[in-house]
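Contents: one structure, followed by commentary.
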Number of protein chains: 2
Amino acid sequence: MDRPRRPTSADVAARAGVSRSTVSYVLSGSTQHSFPQATRDRVLLAAAELGYTPHAAARALRRGTSGVVLLVLADVPIGANLGSMLAEMTTAVAATGRSLVTWTGGVGPTLRETLAHLDPVVVLTMAPLAPAEADAVGNAGIPLVAMPYAGSATQTVGPAAPSRGELQVGALQLQHLAAHGHRRVAVLTVAEPRLALFAHGRVEGVRRAALDLGLDQPPVLALGEPDDAAVEAVAQALTGWVRGPAPVTALCCYNDLYAAVALAAAARCGLRVPQDLSVAGIDDDPLGRFLAPPLTTIRFDFRDTARAVVEQVAAVLEGAPLPPPGPSSQVLRVVERASVGPPPAR
Amino acid sequence: MDRPRRPTSADVAARAGVSRSTVSYVLSGSTQHSFPQATRDRVLLAAAELGYTPHAAARALRRGTSGVVLLVLADVPIGANLGSMLAEMTTAVAATGRSLVTWTGGVGPTLRETLAHLDPVVVLTMAPLAPAEADAVGNAGIPLVAMPYAGSATQTVGPAAPSRGELQVGALQLQHLAAHGHRRVAVLTVAEPRLALFAHGRVEGVRRAALDLGLDQPPVLALGEPDDAAVEAVAQALTGWVRGPAPVTALCCYNDLYAAVALAAAARCGLRVPQDLSVAGIDDDPLGRFLAPPLTTIRFDFRDTARAVVEQVAAVLEGAPLPPPGPSSQVLRVVERASVGPPPAR
DNA sequence: ACGTGTCAGTGAATCGTGTGACTACGCTAG
DNA sequence: CTAGCGTAGTCACACGATTCACTGACACGT
């Protein structure tokens, strides 16, 4: 059951009555050589008739570059805004004559295999890579570029090195609440191991910002699956937190989903949002604005980043050695809605 | 500014004091040749010391296959469940010694370019491809496999050929409402051109199911951006629909986001959900269960599909000619929550 | 007639790997 | 002595596109 062999440039040459060199020159539109229109037409016609497509591997071998840009994504859901950044980056990369594809690594399969298959000219990464994976990229002689959000392309030490973006988003969340007058907040985070790195970074960002502002270190509650049991758990924690002499007046949530859990829990406790309790999310999930009350959140404005990243990629390929991770602050933006207000007067 | 050249098998050979062939045989673990342990060790050591990685393009050229599986995604946000399917498929494909990468096409860049860069062994597609793109795949001699959801791999005619999955999901939505006793429903869809194919399929699914069940054809409202204006528009339409002798008692929404818009609009009109109006979404957005009331929705259970698709890919590569699109019905599941109930008694 | 220049096009090397065909050698059985 | 065999390893080609260096042929000016 053999597929009919795909046509090669030799087939085109034979059909057009010219040499392979001529085919190559004509099809690549080289300005080095000029061919009379008649010859050019013969070649183009033959190529079209045969449905000739140059063999990618052969071309890559000869040229020395594959033209593939590989974006490594963490094994996490891709939200709407990340999705549109992806589309934007794809077009931007395409404009440089290269192709962007993404690999959703996860834990099981090794990045090494994929590198061997693709031979990308550069690897982009959204989150810091594990040392073994970063080594794989380095050994293959492939430049590794971190998205501004990631901060650094590889984990420096252990699993506990959060990316810059995570730290900043946590800090921004707390700063926004502090600006509204909150002095005592709590953190709602997630326990799932897959998300540990993200979660830890965000919590750590809140902690450090609290430290900087001279606030108490916030109590932290880690949740499992976001289900009814989680709502119950949060409700229970809330009743404890809002009692006592120094009650918690605001909640930093891991993302908008967990903020929704918090809203449900607050409703169950009879706490009004934001009068009794302010709630801040992260991610600007499109659904957030239709919650009751509409959710104040922090948005990653990835789209602005896309162009910058692509430029960085181009620069690296020109030979620029190590571009410093660009400023990522402008990427984050507080989206103010009704779920955050001033703390209750005492 | 030239990067240090990456080591080739010739470098390894020189370092180990053997020929290139020996290096190749040893590293590929061929059983054709047997080499004494000492030689084998020398080669392996040299390769390790140099950090040798075989050149992907050269290998692909020689082998005649790149080992890359390309998944073409539509330019739409990737939800949580689609994301986990992606991870699952990646591992499953990796287990067959190939690599799965995804390309988020969108409108601008051509798939053709990417095919030329990657030379995939097979192209998977989530939604039917435009004829031009399908041709590009076919001309390159690459088998094209449709995910069960897509139904067929290429649009048959015009932009108006919805995929099977879309039709089914719309039908399922209406059937569920009909099972609850609703006789007159309305449809809330989306006007964005990017989503036109999806939107049209879902609406069409609802329409045909209504026809089959002998119900009236539902009125349709197409919304722009899901914002406050959209809420207003829906509220206005609702007041019209629920008046009169045969009032609308349920809403089929394009997805959970638009269902949330509907909930907000219903609240504004003073309509209670589900007592006065039932609302059904699509996608099982994780946030849906935390809306008030929790949203009844339809879930694409992609994870069950992953293995099946990968098996299909393997089959195609073995030479099986054209696998019929598998049954996709089990992929869809109604998730019953509180936003759908019986219609109000008249 | 000669040097120079341009046009139209070709030959052959090159990229790095994988592998079937082959050699060189030592040993043993007949 | 030699045919036969197993071991240890090498040679050289193939994969397909690209591109440098080159050849004829012709035109032009002196």
Side-chain angles (χ1 to χ4, degrees), chain A residues 2-3 5-43 46-47 50-67 97 115-119 121 140-141, chain B residues 2-3 5-43 46-47 50-67 97 115-119 121 140-141:
Chain A
D2 44 9
R3 242 175 284 292
R5 265 221 334 91
R6 67 185 283 176
T8 73
S9 76
D11 298 327
V12 177
R15 188 169 242 261
V18 296
S19 71
R20 284 215 329 276
S21 327
T22 303
V23 171
S24 178
Y25 282 124
V26 167
L27 291 184
S28 69
S30 161
T31 54
Q32 302 284 351
H33 280 61
S34 71
F35 292 92
Q37 195 59 43
T39 307
R40 210 194 298 278
D41 287 346
R42 280 215 317 287
V43 171
L50 292 174
Y52 169 69
T53 316
H55 191 84
R59 170 180 280 184
L61 175 60
R62 180 60 234 249
R63 286 204 182 143
T65 172
S66 65
L115 293 179
H117 282 312
L118 286 174
D119 193 29
V121 292
Chain B
D2 45 10
R3 237 177 287 295
R5 266 223 335 90
R6 67 183 284 178
T8 73
S9 73
D11 299 326
V12 176
R15 188 170 241 263
V18 295
S19 73
R20 260 191 33 233
S21 327
T22 304
V23 171
S24 179
Y25 281 123
V26 168
L27 292 184
S28 69
S30 161
T31 53
Q32 301 284 350
H33 281 61
S34 71
F35 292 92
Q37 195 59 42
T39 306
R40 209 195 298 279
D41 287 346
R42 281 215 317 286
V43 171
L50 291 175
Y52 168 69
T53 316
H55 192 83
R59 172 179 278 187
L61 175 59
R62 180 60 234 248
R63 286 205 183 143
T65 171
S66 65
L115 292 179
H117 282 312
L118 286 174
D119 194 28
V121 292

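A note on names: the letters A, B, ... follow the listed sequences, proteins ahead of strands, and every chain is numbered from 1. Just so it is clear, the model here is predicted, and its values are computed rather than measured.
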Exam field: side chain [X] to backbone [Y], donor-acceptor pair closer than 3.5 Å:
| X | Y | value |
| --- | --- | --- |
| D11(A) | T8(A) | yes |
| S24(B) | R20(B) | no |
| H117(B) | A56(A) | no |

Just to be sure I understand the geometry, which residues of residues 9-17 of chain A put a non-hydrogen atom under 4.0 Å away from DNA chain D? S9(A)
Is the phosphate of dT18(D), meaning OP1 or OP2, less than 4.0 Å from a side-chain N or O of S28(A)? no
For DNA chain C, find the residues of residues 51-67 of chain A with a heavy-atom distance under 4.0 Å and give them by number; none if there aren't any. L61(A), R62(A)
Nearest of dG18(C), dG9(D), dT10(C) to any side-chain atom of S24(B)? dG18(C)
A side-chain contact here means heavy atoms from C-beta on lying under 4.5 Å apart; do V18(A) and F35(A) qualify? no
I'd like to know if [X] reaches the base of [N] with its side chain such that a donor and an acceptor end up less than 3.5 angstrom apart.
| X | N | result |
| --- | --- | --- |
| Y25(A) | dG11(C) | no |
| S21(A) | dG11(C) | yes |
| R20(A) | dT10(C) | no |

Base, sugar-phosphate, or nothing: which does V23(A) touch, judged by heavy atoms less than 4.0 Å apart? nothing
